[in-house]
Amino acid sequence: MMIDKVYCSQVKPKMEGERVKLAGWVYRKREVGKKVFIVLRDSSGVIQAIFRKDSEEAYKLAKKVGIESSVIVEGTVRADPRAPGGVEIQADKLEVVQDVEFFPITKDASDEFLLDVRHLHLHSPKVGAILKVKATMMQAAREWLLQDGWYEVFPPILVTGAVEGGSTLFKLKYFDREAYLSQSAQLYLEAAIFGLEKVWSLTPSFRAEKSRTRRHLTEYWHLELEGAWMDLWDILKVEEELVSYMIQRTLELRRKEIEIFRKDFETLKNTEPPFPRVSYDEAIDTLQSKGVSIEWGEDMGADEERILTQEFDRPFFVYGYPKHIKAFYMKEDPEDPRKALAADLLAPEGYGEVIGGSQREDDYDKLVQRILEEGMDPKNYEWYLDLRKYGSVPHSGFGLGLERLVAWAMKLDHVRWATLFPRTPSRIYP
RNA sequence: GCCGCCGUAGCUUAGUCGGUAGAGCGCCGGACUGUUAAUCCGGCGGUCCCCCGUUCGAGCCGGGGCGGCGGCGCCA
């Protein structure tokens with residue numbers, strides 16, 4: 001039953017006198033004297049409708065209708081400087097599709113309460129703006145990936161083992177066996193490059209870690225790429241071009257939505273290739289010169305990372321981490337065996353890690369050795385090790401946390417606002 | 001797993017020294033000739049998170065529990 005309606009944002013002052021039909025929800029209602037003002041909201045925006053007593057039936061309904069009721073409004077377009085946006089609907093017909101007695105979300109809602117009623121919070125134009133930006137970012141990613149020759153693949157979510165020893169997996173029953181929810185598609189993407197060379201996927205990733213930070217969710221959307229015949233420096237170029245395009249394109253298409261949350265666009269505009277490349281060694285030096293007590297070989301914690309990101313006005317890479325703090329599948333630097341050919345992309349303004357990437361170990365023996373060093377059993381990685389026995393090639397890849405990129409772009413205070421129904425250790429409902 | 005904080009009306013909260021629990025928003029009723037999260041008047045609304053204890057008397061003091069939040073670690 002598509003209604004032959006116009007969207008709120010389509011109504012312009014030059015349409016003065018035109019008869020229109022709109023469908024949406026009651027966003028605001030004000031009764032003054034013998035008039036009722038209803039601000040109507042739909043997915044495109046808002047417009048004011050005015051009900052006067054001379055259209056008695058509509059006026060009576062308008063007086064009674066509650067906030068966030070679903071309604072269909074008919075009337076005539078009027079340009080009026082007193083109306084928000086300079087245009088309004090002189091309404092003469094109101095159909096209340098479903099009347100709402102009271103909407104639980106009012107102006108004094110805490111973050112916690114908004115998450116409790118997330119299903120209703122999705123009415124909010126602010127939430128809508130974030131969801132639109134997220135959608136546009138993926139639209140941009142697809143545009144870039146298509147023109148650069150990457151194939152989208154669809155990896156499994158039900159898996160048998162860990163990608164990284166440390167991360168905790170959600171366990172589930174798989175008939176009479178155990179299985180897990182995937183925390184990364186990487187291993188499967190690595191397999192796919194032997195047929196398609198350049199592949200990517202967008203999948204949910206799951207981490208059963210009780211992380212209580214503004215950067216973590218137990219379920220998040222993971223954009224992963226894997227490319228054959230690419231070394232670390234090749235994949236960094238892919239990363240910066242892809243991220244730059246996602247940001248620039250979204251800035252072009254969704255400026256209004258971003259502006260609701262972010263006032264300063266400098267760091268977004270600065271997101272043009274090449275991104276600065278900072279070695280781990282330089283990062284340690286910088287931190288030490290700022291009085292941070294950190295030694296070569298230690299991993300950077302959240303505090304260190306934050307201090308470092310405040311030095312930059314655009315995203316930047318940190319590369320050349322010590323091997324022992326990185327995952328087993330990352331290739332050892334042939335010029336310095338203490339280091340891994342790994343790089344993270346950090347967002348500025350304190351946001352930190354958005355991408356983790358690396359060149360992969362493509363040598364069978366070295367990979368077996370690394371698996372043993374991590375205290376894992378090579379038997380569990382048999383098919384993965386096979387990839388190094390049957391036409392192994394140098395290859396690299398990375399994973400991007402979509403919510404993290406959105407959170408930075410919109411300057412959100414938590415990644416949970418960048419997802420439809422956030423899952424955290426304490427929250428799996430609604 | 002570790003450190004810190006908080007649970008009072010649908011929501012946001014005040015509550016002094018331990019002495020009959022208050023406000024704003026929302027909702028309901030009324031007033032108002034154009035409002036911009038309108039305004040004004042009136043009304044409805046309470047398992048003070050739970051249990052035990054101290055006390056003549058506990059929202060407040062003590063003990064235990066439950067739930068949540070902020071951060072660390074881990075990562076994207």
Side-chain angles (χ1 to χ4, degrees), chain A residues 27-39 46-54 63-64 66-68 78 80-86 88 90 100-117 120-121 124-125 162-169 183-186 202-224 239 243 299-306 325-327 344-347 351-357 397-408 413-416 418-419 424-427:
Chain A
Y27 187 57
R28 300 274 186 268
K29 192 175 98 169
R30 307 173 192 105
E31 288 176 64
V32 181
K34 298 284 174 270
K35 296 190 176 81
V36 180
F37 298 91
I38 284 180
V39 178
V46 296
I47 189 151
Q48 175 167 281
I50 173 169
F51 294 82
R52 296 199 311 202
K53 217 175 177 179
D54 49 7
K63 268 189 92 154
K64 282 177 64 180
I67 300 292
E68 291 302 332
R78 276 183 46 136
D80 192 315
R82 292 170 299 184
E88 65 187 6
Q90 180 78 59
V100 174
E101 193 186 335
F102 85 97
F103 195 69
I105 298 175
T106 58
K107 69 173 182 179
D108 293 313
S110 60
D111 288 352
E112 198 183 333
F113 180 70
L114 292 175
L115 292 167
D116 289 342
V117 291
L120 302 178
H121 196 205
S124 150
V163 173
E164 293 161 54
S167 298
T168 321
L169 293 153
Q183 59 178 8
S184 170
Q186 182 195 321
L202 178 69
T203 58
S205 273
F206 304 89
R207 303 278 162 105
E209 289 160 350
K210 292 190 174 172
S211 304
R212 300 198 45 86
T213 80
R214 60 191 63 194
R215 309 180 299 285
H216 289 88
L217 296 165
T218 52
E219 177 180 344
Y220 67 98
W221 286 86
H222 209 172
L223 176 62
E224 291 173 277
E239 290 178 34
V243 168
D299 204 358
M300 283 187 285
D303 292 340
E304 290 79 26
E305 203 175 270
R306 200 171 301 117
I325 58 173
K326 286 293 178 183
D344 289 343
L345 181 70
L346 308 193
Y351 279 86
E353 189 170 352
V354 167
I355 286 181
F398 66 91
L400 178 153
L402 188 58
E403 288 82 3
R404 286 189 178 179
L405 191 64
V406 173
W408 167 59
D413 63 21
H414 200 300
V415 289
R416 66 190 172 199
T419 202
T424 63
S426 60
R427 221 172 257 289

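Every chain is numbered from 1 and lettered A, B, ... according to where its sequence line falls, protein lines coming before strand lines.
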Can you tell which of B:U12, B:G71, B:U36 lies closest to the side chain of A:Arg212? B:G71

Nearest-Å distance for atom pair CG/P, residues A:Leu115 and B:C69: 8 Å

Separation of A:Glu31 atom CD from B:U33 atom P, in whole Å? 13 Å

Less than 4.0 angstrom from a charged side-chain N to a carboxylate O is my criterion; do A:Lys35 and A:Asp54 meet it? no

Within the structure shown, what part of the strands sits under 4.0 Å from A:Phe37 by heavy-atom distance: base, sugar-phosphate, or nothing? base

For B:G62 versus B:G26, give the span between their C1' atoms, rounded off to a whole number of Å. 38 Å

Do A:Asp299 and A:Lys326 meet the salt-bridge criterion of a basic N to acidic O distance under 4.0 Å? no

So for A:Arg427 and B:C69, does any side-chain atom that can act as donor or acceptor lie under 3.5 Å from a complementary atom in the base? no

At less than 3.5 Å, do the side-chain atoms of A:Glu88 and the base atoms of B:G34 form a donor-acceptor pair? yes

To the nearest angstrom, how far is A:Arg30 atom CZ from B:U39 atom P? 10 Å

I want to verify a distance call: between B:C75, B:A38, B:C72, whose nearest atom is closest to the A:Val32 side chain? B:A38

Examine the base of B:U35 for any acceptor or donor lying under 3.5 Å from a partner atom in the side chain of A:Gln48, and report the outcome as yes or no. yes

Looking only at atom C1', what distance separates B:C56 and B:C25, rounded to whole Å? 39 Å

Quick check for you: among B:G73, B:U12, B:C27, whose closest atom lies nearest to any side-chain atom of A:Arg215? B:G73

Nearest-angstrom distance, P atom, B:C27 to B:C60: 33 Å

Would you classify A:Ser211 as touching base, sugar-phosphate or nothing, given that sugar-phosphate means primed atoms plus P, OP1 and OP2, and contacts are heavy atoms under 4.0 Å? base

Pairwise P distance for B:C75 and B:G4, with rounding to whole Å: 25 Å

So A:His216, base contact, sugar-phosphate only, or nothing? Heavy-atom distance under 4.0 Å. base

Take atom P in B:U55 and the same atom in B:U16, then report the distance between them in whole Å. 23 Å

No-hydrogen, no-angle side-chain donor-acceptor test under 3.5 Å, A:Tyr220 and A:Arg207: yes

As a test of reading the structure: which of B:C74, B:G34, B:C69 is closest to the side chain of A:Glu209, going by heavy atoms? B:C74

Rounding to an integer number of angstrom, what distance separates B:C6 and B:C44 when you compare their C1' atoms? 30 Å

Is the distance from OP1 or OP2 of B:U12 to the nearest side-chain N or O of A:Ser110 less than 4.0 Å? yes

With the side chain defined as heavy atoms from C-beta on, A:Tyr220 is closest, among B:C69, B:A76, B:C11, to B:A76

Let's see if you can work this out: which of B:C75, B:U33, B:U35 has an atom nearest to the side-chain heavy atoms of A:Lys35? B:U33

The test is side-chain hydrogen bond (donor to acceptor under 3.5 Å, both in side chains); show your working for A:Thr218 and A:Glu209 and say whether it passes. CA-CA 7 Å; A:Thr218 52; A:Glu209 289 160 350; over 6 Å; no

To the nearest Å, give me how far apart CZ (A:Arg78) and P (B:U35) are. 13 Å

Can you tell me, in whole Å, how much space there is between the P of B:C52 and that of B:A58? 13 Å

Suppose you measure atom C1' in B:A37 against the same atom in B:G24; what distance do you get, rounded to whole Å? 14 Å

Considering only B:C27, B:G70, B:A76, which nucleotide approaches the side chain of A:Arg416 most closely? B:G70

